[in-house]
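Structure, as structure tokens:
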Amino acid sequence: MYGKGILKGLGVTLKRFVDTYLDDIAWWGRRYYNDEGIAHRSSAKGRGIFTVQYPEEKLPVPEEFRYVPFLVYDEGADGKKEIRCTSCGICAKVCPPQCIWIVRSNDPQTGRPIPEPTEFFIDADICMNCGFCAEYCPFDAIIMDHDYEIASYKRNVFNMEQLLKPASYYKSIRPLNYARNEEERKAKEAAKAAKAEAAS
Amino acid sequence: MATLVHTETLDLAARFPGAVTADTRPGYSGWIVNKENLVEVATTLRDEFGFDLLSHVTGVDYFPDKMEVVYNAYRTTGGPGIFFKVQVPRVDPIEVPSVTPIWPGAEFQEREIFDLYGIKFTNHPDLRRILMWEGFDGHPLRKDWHEPFYEEDNKPFKSRWPDGKFLSAEDKNPYKDNLRFPQGFDPEKITFDGEAALYGALAKYQTTDKNGLKTDHVIVNMGPQHPSTHGVFRAAVVLDGETVIGLKPVMGYLHRNHEKIGERNTFLQNMPFTDRLDYFNSMSNNWGYSLAVEKLMGVKPPERAEYLRVIMAELSRIQNHLILIGMLLNDLGTFFTPALYAFEERELILDIFEATSGTRMMCNYHRFGGVARDLPAGVFEKIRDLVEDRIPRKADEFDRFLTENEVLVSRMKGVKVINGEDAINYSITGPVLRAAGIPYDVRRAQPYGIYDRFDFDVALRHNGDLYDNYLIRLDEIRQSVRILQQALKQMPEGPVMTGKPQYQVRVPAGESYGRIEAPKGELGFYIISTGKPNPWRYHVRAPSFINITALEKMCVGQKIADFVAILGVIDIVLGELDR
Ligand code: SF4
Ligand code: SF4
């Protein structure tokens, strides 16, 4: 019959329309503007309407999600920022678009380099969010962020002040990675202690 | 037909004494052909030895003494390909005979070499710049050409560490932009011969019909800003009424000289850049590049990584074809309903990419000798649900929604895109070639990774019309689902990386070509290493770019409205086309 194909096609759209309301009823009141509803609606199990109303609603980002990196500091006893970075320069060397700039510190007395950066810049407009800096940093000092809303009217060149974020923030966005790092560090320290003991 | 000589045992030097010698540089393979004998050798290779598919042509600048043009041809019946090269002294004018008369698929590639290396191809039908603008100064891929932001030949730049005081490169440039004009350039006085040459190449402004009546033809510029061109692509079309009688694509609006950037980068730094080629399929782009480099390094990824590569690449193929179908329907006038239906499953696939690699589109997932990380908890189940349930369901839904729709059928059936023979001559690969009845799929023709373990059919359709080009995408989605089902069942536990992750890899000197069956066709990376941390040559065989060579052939004689649909089924993406 001529027109059957078109009717069948229209049936698909109609089904979608009905499905949206069926899912609305099944999830009465919980489908919009809350995390559970958003996750369900945009998952493989959702039926009917699929879209998320950004910016009122936001899709949850997975742990591995990566955006322009930040520098991690540990909170010292008296609120001192203990920067993890040793200014070894690996991230600056591995960065594909070369958007990391590091000024290494020198000891004022001896003039020898000390493991701490004086300045640290990331040109976020050039950063391609590849994640290499975080991947190859041997000290877990630079971590990819989850905050993707950084649009502005000017160039985003971040200096050290803007880049530093506490380890607690790192833990909150990447709990599994954080736990893994801590474990590795503890294992390393234990190995070191055992070695020192064996030597003495 | 007589049985063909194996590529490995084929001795070109014996067949052409004096004209061909073996390429004996360490790490290289293939043959070096005298410039004078190129046409003869190429014709023999095609007609006698059966190398009917010219995969790619590219140039290499062996600064300071030689330029080389590298040809790589395959048989559509499968098996390894053959490299042959022509070497010429590096003194202008550099001239090499064109192979476009033998393999028309070389037309745009030779124009590209002319544009970027300044090698002139004698006997080329339409030798103009293709990616750079007409007034551009110099040939950017030559080793002695420097960009306006030039800092050093190779990364990492010394200015970044240990004394990395930030300064923005554009402040050093008088134009505050990555821009430089030729000597004596005056914007008031410049005249472009490029446009004249473009229209001149079309050169069919007027014809006389059989009654002696003169008719004017109309030139229409489709694009560069036209929604149907899927990006900044332009085609100058000559129309007689509604019928296309001539067409020249104009491209390069998104050109960023990816290959020059690639030669400045270290080997690893190129990985995220490959994501930006065909930005829908970063997972497959990564694979092509890692194959080429791994061949040189002699490393092999562990089992689990091989499976992860297959899984990600096939998911990528599915979502690519979903977009294609959705967007094709958009081009045909069903505004956005099919496109958005197609995007749902794509979003779910991108969720998987995001959870595994960190980003939805710029995945940067492969490393030399493995992949960046294993699947996080819960992702395996997500993939399984998609593959077992949702994607097959979507393919069936598309069948109900579109395949039998009478408007669609009458719009697409019988509108010829290209036939098999022409498709091979024009070096077309991928679904467009298979829809024309040529069962050529790199996964079968020369299996890479672990594709030899899976049971799947090479999707094939025979008419080569728009409708078959649409159907073959659905077929391929179903075949990908089959591969995924097997891969998910077989995937072992284990490491995903051979050896320690390294940011500076040692790549022995030599040349290497890695190719994969990307969703859009054969994607290849031709790499030359000199043993240094940066590649000497980094060339991308981009299927979008090469498939578009036949656009004029496909469109002449069709209606202007069909041009939009034909462009849609060739499946171009400008990130890859313009590079
Ligand atoms: S790699 Fe890590 S420790 Fe080294 S300079 Fe970069 S952030 Fe600092
Ligand atoms: S994410 Fe990549 S591009 Fe961005 S700063 Fe790190 S290494 Fe550089």
Side-chain angles (χ1 to χ4, degrees), chain A residues 2-6 8-13 15-16 42-46 50-51 59 61-67 87-106 113 117 119-123 125-126 128-132 134-136 144 155 157 159 176, chain B residues 151 155-157 159-168 261 265-266 268-273 275-276 334 337 340-341 343-345 347-348 351 354-360 362 364 372-373 376-377 379 382 385-386 389-390 397-398 400-409 501-504:
Chain A
Y2 204 68
K4 202 170 119 216
I6 294 178
K8 251 184 165 176
L10 287 174
V12 173
T13 354
K15 182 163 173 294
R16 175 78 42 132
S42 56
S43 76
K45 294 187 184 65
F50 195 79
T51 40
L59 278 172
V61 292
E63 167 154 359
E64 291 301 342
F65 176 73
R66 52 183 149 84
Y67 208 67
S87 77
C88 70
I90 288 181
C91 56
K93 282 182 222 157
V94 76
C95 175
Q98 295 284 289
C99 67
I100 301 182
W101 304 67
I102 305 169
V103 181
R104 191 170 57 191
S105 303
N106 288 325
E119 281 179 86
F120 201 112
F121 303 95
I122 293 182
D123 190 338
D125 290 342
I126 290 179
M128 68 202 294
N129 306 321
C130 68
F132 277 165
E135 199 173 318
Y136 292 101
M144 298 305 286
R155 278 284 298 264
V157 181
N159 61 20
L176 295 176
Chain B
E151 226 183 300
K155 292 175 185 174
F157 297 145
S159 63
R160 302 301 196 270
W161 178 86
D163 194 19
K165 283 252 180 284
F166 176 80
L167 55 101
S168 79
I261 299 173
N265 282 345
T266 64
L268 180 70
Q269 284 173 344
N270 272 334
M271 191 62 82
F273 275 94
D275 294 344
R276 276 95 181 147
T334 30
T337 307
L340 288 177
Y341 283 8
F343 268 55
E344 283 182 6
E345 271 64 21
E347 285 301 306
L348 295 171
D351 283 348
E354 189 180 28
T356 315
S357 74
T359 303
R360 302 178 85 76
M362 303 295 138
N364 187 17
R373 66 182 70 74
V379 172
K382 268 192 187 165
D385 289 350
L386 270 185
D389 173 38
R390 213 161 153 155
E397 190 179 69
F398 267 130
R400 281 198 302 279
F401 189 36
L402 302 171
T403 310
E404 293 162 28
N405 183 318
E406 290 87 351
V407 180
L408 202 82
V409 174
Q502 274 179 316
Y503 71 93
Q504 265 167 340

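Computed from a predicted structure; not experimentally measured. Chain A is the first sequence line, chain B the second, and so forth, proteins listed ahead of strands; every chain is numbered from 1.
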Next item on the list: Would you please test Glu344(B) and Arg16(A) for salt bridge (charged side-chain N to carboxylate O under 4.0 Å, His left out) and show each step?
Entry: CA-CA 12 Å; Glu344(B) 283 182 6; Arg16(A) 175 78 42 132; 2.5 Å; yes

Next item on the list: Check the pair Glu404(B), Lys8(A) against salt bridge (charged side-chain N to carboxylate O under 4.0 Å, His left out), reporting the backbone distance first and the verdict last.
Entry: CA-CA 8 Å; Glu404(B) 293 162 28; Lys8(A) 251 184 165 176; 2.9 Å; yes

Item checked: Stepwise side chain to side chain contact (heavy atoms under 4.5 Å, CB included) test for Asn364(B) and Arg66(A) -> CA-CA 11 Å; Asn364(B) 187 17; Arg66(A) 52 183 149 84; 3.8 Å; yes

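Trp161(B) places a side-chain N or O within 3.5 Å of a backbone atom of Ser87(A) that can act as its donor or acceptor partner. A donor-acceptor pair under 3.5 Å is formed between the side chain of Gln269(B) and the backbone N or O of Lys93(A). Counting only distance, with no hydrogens or angles, the side chain of Arg155(A) and the backbone of Ser168(B) share no donor-acceptor pair below 3.5 Å. Not a single donor-acceptor pair under 3.5 Å links the side chain of Gln98(A) to the backbone N or O of Lys155(B).
Within the 4.5 angstrom heavy-atom criterion, only side-chain atoms of Arg390(B), from C-beta onward, approach chain A.
Under the ring pair (Phe, Tyr, Trp, His ring centres under 6.0 Å) criterion, Phe398(B) pairs with no residue, sequence neighbours left out. Shown here are the ring pair (Phe, Tyr, Trp, His ring centres under 6.0 Å) partners of Tyr341(B), two or more places apart in sequence or in another chain: Phe401(B).
Distance CG/Leu59(A) to CD/Glu354(B): 8.0 Å, rounded to 0.5 Å. Between the CZ atom in Arg160(B) and the CZ atom in Phe121(A) there is a gap of 12.5 Å [rounded to 0.5 Å].
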